[in-house]
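These notes are about the structure you will find just below.
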Amino acid sequence: QVQLTESGGGSVQAGGSLRLSCVVSIRTFTTTALAWFRQAPGKEREFVGGISWSYSTYYADSVKGRFTIWRDNAKNTVYLQMNSLKPEDTAVYYCAADSMSDTLRVGVENYGMDLWGKGTLVTVSS
């Protein structure tokens, strides 16, 4: 059974940084596209960024230049480094994996992600 387990959430002041981690227990990790989503209170879940097997990344405009995604295939872990945090970044952050593709599927619903973690809360205060 595939599991995705996020960690690293917490509270931070505006302008601060946090790093989220997600361990993905899937045998095909090296050929799995991965992504981070978030859901703010009262809002729809939205895409934050993703990474393909080739380490190629893609970000939402709202986080571009502030957030960085990378993967460590030796640890089956994907990371989300969040810098210059803003109060509007407050949300539950979810890690996701695409069990059917090694490349982020831009334009597909949820970028093709079909496996999800339970989320970790990030709160940014002003």
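Basis for what follows: all heavy atoms, side chains included, without hydrogens, waters or symmetry-related copies. Because the structure is predicted, anything quoted here is derived from the model rather than measured.
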* State which residues pass side chain to side chain donor-acceptor pair (under 3.5 Å) with Asp72; sequence neighbours excluded, sorted by chain then number. => none

* Asked: Who are the ring-ring contact (aromatic ring centres under 6.0 Å, His included) partners of Trp116, not counting sequence neighbours?
  -> Phe37

* To do: Determine, for Lys118 against Glu6, whether the closest basic-nitrogen to carboxylate-oxygen distance falls under 4.0 angstrom.
  => no

* Structure fact -> In short, Thr30 meets Trp53 closest at the heavy-atom pair O-CB, 3.3 Å

* Asked: Which residues pass the side chain to side chain donor-acceptor pair (under 3.5 Å) test with Thr57, sequence neighbours left out?
  -> none

* Interatomic spacing from CD1 in Ile51 to CG in Leu104 - rounded to 0.5 Å -> 9.5 Å

* Between Asn83 and Ser17, does any side-chain donor sit less than 3.5 Å from a side-chain acceptor? -> yes

* Asked: Any idea which heavy atoms bring Asp114 and Met100 closest together, and the distance?
  -> OD2-CE, 4.1 Å

* **Shortest non-hydrogen separation from Ser126 to Ala14 and the atoms involved** => CA-CB, 4.3 Å

* To do: Sequence neighbours left out, what passes side chain to side chain donor-acceptor pair (under 3.5 Å) with Lys64? Give chain and number order.
  => Asp61

* Using the disulfide (SG to SG under 2.5 Å) rule, collect all pairs that involve residues 12-99, keeping only residues at least two apart or in two chains. => Cys22-Cys95

* Shortest non-hydrogen contact from Lys43 toward Gln39 -> O-NE2, 3.0 Å

* Give the minimum heavy-atom separation between Val23 and Lys75, together with the two atoms involved. => CG1-O, 4.5 Å

* Please list all pairs passing the ring pair (Phe, Tyr, Trp, His ring centres under 6.0 Å) test where one or both residues lie in residues 76-109, with sequence neighbours left out. => Trp70-Tyr79

* Structure fact -> Note: Thr32 and Ala97 closest approach over all heavy atoms is CG2-CB, 3.8 Å

